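For reference, the structure discussed in these notes is given below.
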Amino acid sequence: MKRKKFSRATLLFGLMLVFLLSSCSFVRIQNVAVSTATVSVRVPDSGKTYVRTIRSGAIVDVFSSHGGSYTITMIESEEYINFLKDLRSEIERKLFSEGKTLTAEEVVRLTENLKQIDSSLEQTRLPGATCSGYVPDFDTVVVVISFDDFNANWSLSCSSGSSN
Amino acid sequence: MALGAGGYYAFSNGMINQREILNTIGMGTGEISIINIADEVLDTKLLRMDTESGSPETINNENIAPFDISGYGGIQPGIYELHITTPSGVPAGGVCRMTITSGDSLQFVAVPSGIAVSKEGMQAQSADDLDMSTSGLCR
């Protein structure tokens, strides 16, 4: 019987793949408040902001391909939804209805609006309701969202793993 | 030397991260951001096409709820396909085949009529460039 031979390159590639896939980290967000929360999440492997809407009692995992610093911020839900609805109307109308007749200037403006989504999201953040932490490679950290009824404030608690 | 010390200070204080440093020297990764402004959950899957075995390899799957923003970070340079589908077929979704290089940042925005795609540092010339079904970014 002929044995299958693996080249050194295949072995190296396999090991690298295993390393890359297994160095993944998770930020686990748990909403213990009685109402739905919308949060923006910055994970170590992305320069972009992710947004998750989390129902009361729900837990959501956000993946990062490696460890590092992360930040979670509460978002003013209504303002955020309205911003996205406005953007949807603009894309629907300009790109998919009037696309054939768009001028170069309108294309530039639409592209710019798409690129500014991240900075526009900044404006929907709730001041003060934010926390940061460190998620190590191969690890999961937990963030708890709660609502302080007495002060009528959202509260975020970020855990950190050891960087060593 | 001053540059090195400044870089170390910025890194140790969290002003820059590992991803930004590697992108600066051309040894970084790419990222894909997906914004779901359609009315349905988007099922997305990222496949690497240029594998040693020649068979596509699934990198990750993401189900993205309406009005959520998600994506894939830390993507090693290579050839990939992003598959986007919805249970009802609205938006129609589709496949975007793209070559990712260090520092690339692509953005997909799904609305009920279709999916818009753009890339940081690249200016669209026409509406076709922004529509995933016709864009040159997805070839």
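The sequence lines fix the lettering, A, B, ..., with proteins before strands; numbering per chain opens at 1. All of these numbers come straight from a predicted model, not from anything done at the bench.
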Handout entry: Donor-acceptor contact below 3.5 Å, side chain B:Gln125 vs main chain A:Ala104
Key = no
Exercise for the section: Without swapping roles, check the side chain of B:Asp131 against the backbone of A:Phe96 for a donor-acceptor pair under 3.5 Å. Expected result: no
Exercise for the section: Using a cut-off of 6.0 Å, state whether more than 12 heavy atoms not belonging to A:Arg28 lie near its atom CZ. Expected result: no
Practice task
Check whether any side-chain N or O of A:Arg52 sits under 3.5 Å from a backbone N or O of B:Ala65 as a donor-acceptor pair, and report yes or no.
Solution key: no
Handout entry: Minimum heavy-atom distance A:Tyr80-B:Phe67, with the two atoms named
Key = OH-O, 2.6 Å
Practice task
Pick one of side chain, backbone, both or neither for B:Gln107, based on which atoms fall under 4.5 Å of a heavy atom in chain A.
Solution key: side chain
Handout entry: Other residues, nucleotides, ligands: >12 heavy atoms within 6.0 Å of A:Arg93 CZ
Key = yes
Exercise for the section: Treat each ILVMFWY residue as a node, draw an edge where side-chain heavy atoms are under 4.5 Å apart, and state whether A:Leu121 and A:Ile72 are in one component. Expected result: no
Exercise for the section: Indicate yes or no: at least one non-hydrogen side-chain atom of B:Val111 is less than 4.5 angstrom from one of A:Glu90. Expected result: no
Problem - A:Val27-B:Ile69 co-clustered via ILVMFWY side chain contacts under 4.5 Å - result: no
Completion exercise
Under 4.5 Å to a heavy atom of chain A? For B:Ser126 that would be backbone
Practice task
Applying side chain to side chain contact (heavy atoms under 4.5 Å, CB included), run through B:Val109 and A:Ile117 and close with a yes or a no.
Solution key: CA-CA 10 Å; B:Val109 185; A:Ile117 291 174; 4.2 Å; yes
Problem - Shared hydrophobic cluster, A:Ile29 / A:Phe147 (ILVMFWY, side-chain heavy atoms < 4.5 Å) - result: yes
Completion exercise
When rounded to the nearest 0.5 Å, the distance separating CG of B:Asp129 from CG of A:Leu110 is 11.5 Å
Handout entry: Expected output: side-chain B:Tyr72 to main-chain A:Ser65 donor-acceptor under 3.5 Å
Key = no
Practice task
Give the cluster check for A:Ile91 versus B:Leu106: same hydrophobic cluster or not, with ILVMFWY residues linked at side-chain heavy-atom distances below 4.5 Å.
Solution key: no
Problem - A:Lys115 side, atom NZ; B:Gln123 side, atom CD - distance, nearest 0.5 Å - result: 5.0 Å
Practice task
Rounded to the nearest 0.5 Å, what's the gap from OG1 on A:Thr53 to CG on B:Asp68? Could you check?
Solution key: 4.5 Å
Exercise for the section: Hey, could you give me the OG/CG distance between B:Ser33 and A:Asp118, rounded to the nearest 0.5 Å? Expected result: 7.0 Å
Problem - B:Ile35, part contacting chain A, at a heavy-atom distance under 4.5 Å - result: side chain
Problem - Flag side-chain contact, heavy atom, 4.5 Å: A:Val107 against B:Leu130 - result: yes
Completion exercise
Smallest heavy-atom separation, B:Ile32 atom then A:Tyr50 atom, equals O-OH, 4.2 Å
Exercise for the section: Name the region of A:Thr49, side chain, backbone, both or neither, that has any atom closer than 4.5 Å to a heavy atom of chain B. Expected result: backbone
Exercise for the section: Can you tell which part of A:Glu106 gets under 4.5 Å to a heavy atom of chain B, answering side chain, backbone, both or neither? Expected result: neither
Handout entry: Contacting moiety of B:Ala116, where chain A heavy atoms sit under 4.5 Å
Key = both
Handout entry: chain A contact via B:Ala38 - which portion, at a heavy-atom distance below 4.5 Å
Key = backbone
Handout entry: Proximal component of B:Pro112, with respect to chain A [non-hydrogen, under 4.5 Å]
Key = both
Practice task
Heavy atoms only: give me the nearest A:Leu95-B:Ala127 pair and the separation to one decimal.
Solution key: CD1-O, 3.3 Å
Problem - Given A:Ile81, A:Leu84, A:Asp86, the one that forms side-chain contact (heavy atoms from CB on, under 4.5 Å) with B:Ile37 - result: A:Leu84
Problem - Joint hydrophobic cluster, B:Met132 plus B:Ile34, side-chain heavy atoms closer than 4.5 Å - result: yes
